[in-house]
Trainee: 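Got a structure for you, written out below as structure tokens; questions coming shortly.
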Amino acid sequence: MINIKRYDTPDLKKNEEEIANTLRNSKIPNSELLKNLGLFINPGALGRILFANFLYEKIISYQGIIAEFGSRYGQNLNLFSSLRGIYEPYNRLRKIVGFDTFQGFVDVDKKDQNNKLGDYSVPENYYSELENILTKQEKFSPLSHLKKFELIKGDVSQTLPKYLKKNPHTIFAICYFDLDVYIPTKNVLSIIKNRLSKGTILVFDELNDEDMPGETEAFLEEINVNSISIRRFNPSARTSYCIWGE
Ligand SMILES: C[S@@+](CC[C@H](N)C(=O)[O-])C[C@H]1O[C@@H](n2cnc3c(N)ncnc32)[C@H](O)[C@@H]1O
């Protein structure tokens, strides 16, 4: 059973369930379904898509890769990949790298009060399904013969050092933190710090959130909060971002 706290009412949950069923059983032919996905998107989901666009526009003139720490079903990875196709189709260096266990939380600290091991897991073999989807999606943009995304499976506290050893040239343009919990968030923040340039964007999904306090605790221990602004993009309600050096 997936333990994800909801903030809506039973009525809205039912509404969402019904729209999701309509999408699964839609009579819209496949040739037109993907072009009409906007029909099924609600304001919360749209806000997150707008946020991805907002972030991407900010990094176009900056060097570096986009990394998402905690990518789960991979929506952000595909959004960033599509945005690269739109805004900078020939930037082969703008790699998009997703880190996830694909098994949910593997290390929950006592600071992570409301979470338990295995929360946010995905269906079996989802990693392969995501690899397949991202490969197909990449074909819609130029330079599709060059693979420009990577999925790194495993505990990011261990996989990130290995990734950086294998890719010592790595500089980050966006680090998207959505691990939710204390230990990996703290470890990643400490590892990436010397690869951020002035202008790199750090994104956080759960800062200042009483339900996921571990992310904020990790942030406060690793970043001097007095020296950086924690900003919000209004259409995306819970997310925050910081621009390194500002
Ligand atoms: C809230 S979900 C991410 C949602 C995703 N970013 C999105 O926007 O749809 C949190 C993810 O963090 C991953 N995660 C948590 N701890 C991890 C760790 N130590 N190493 C790698 N991934 C981890 C979980 O497996 C889970 O998929």
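Bear in mind the structure is a predicted one, so any value in this text is a computation, not a measurement. Counting starts at 1 for both ligands and their atoms, following the listed order.
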Trainee: Name the residue from F54, Y56, F204 that meets the ring pair (Phe, Tyr, Trp, His ring centres under 6.0 Å) definition with F233.
Mentor: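 Among the candidates, only F54 passes.
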
Trainee: Only distances under 3.5 Å count here; give the side-chain donor-acceptor pairs of residues 100-112 to other protein atoms, sequence neighbours excluded, each with its distance to 0.1 Å.
Mentor:
residue: D100; atom: OD1; partner: F102; partner atom: N; Å: 2.8
residue: D100; atom: OD2; partner: S71; partner atom: N; Å: 2.9
residue: D100; atom: OD2; partner: R72; partner atom: N; Å: 2.8
residue: T101; atom: OG1; partner: Q103; partner atom: N; Å: 2.9
residue: T101; atom: OG1; partner: G104; partner atom: N; Å: 3.1
residue: T101; atom: OG1; partner: G104; partner atom: O; Å: 2.7
residue: D109; atom: OD2; partner: K111; partner atom: N; Å: 2.9
residue: D112; atom: OD1; partner: Y182; partner atom: N; Å: 2.9
residue: D112; atom: OD2; partner: D109; partner atom: N; Å: 2.9
residue: D112; atom: OD2; partner: Y182; partner atom: N; Å: 3.4

Trainee: Does the plane of the ring in F51 sit parallel, tilted or perpendicular to the ring in Y241? Use 30° and 60° as the thresholds.
Mentor: tilted

Trainee: Filter on side-chain hydrogen bond (donor to acceptor under 3.5 Å, both in side chains), then keep only pairs touching residues 19-46, sequence neighbours left out; what's left?
Mentor: none

Trainee: Classify the angle between the aromatic ring planes of F69 and F177 as parallel (below 30°), tilted (30 to 60°) or perpendicular (above 60°).
Mentor: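 Rings of F69 and F177: tilted, as their planes differ by 30° to 60°.
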
Trainee: Compile the protein residues with any heavy atom at a distance under 4.0 Å from an atom of ligand 1; present them by chain, then by number.
Mentor: R48, E68, G70, S71, R72, N76, D100, T101, G104, F105, V106, D107, Y120, G154, D155, V156, D178, L179, D180, P184

Trainee: Going by side chain to side chain contact (heavy atoms under 4.5 Å, CB included), name the residues that satisfy it together with K147, two or more places apart in sequence or in a different chain.
Mentor: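 Partners of K147 under the side chain to side chain contact (heavy atoms under 4.5 Å, CB included) test: E131, E138, F149.
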
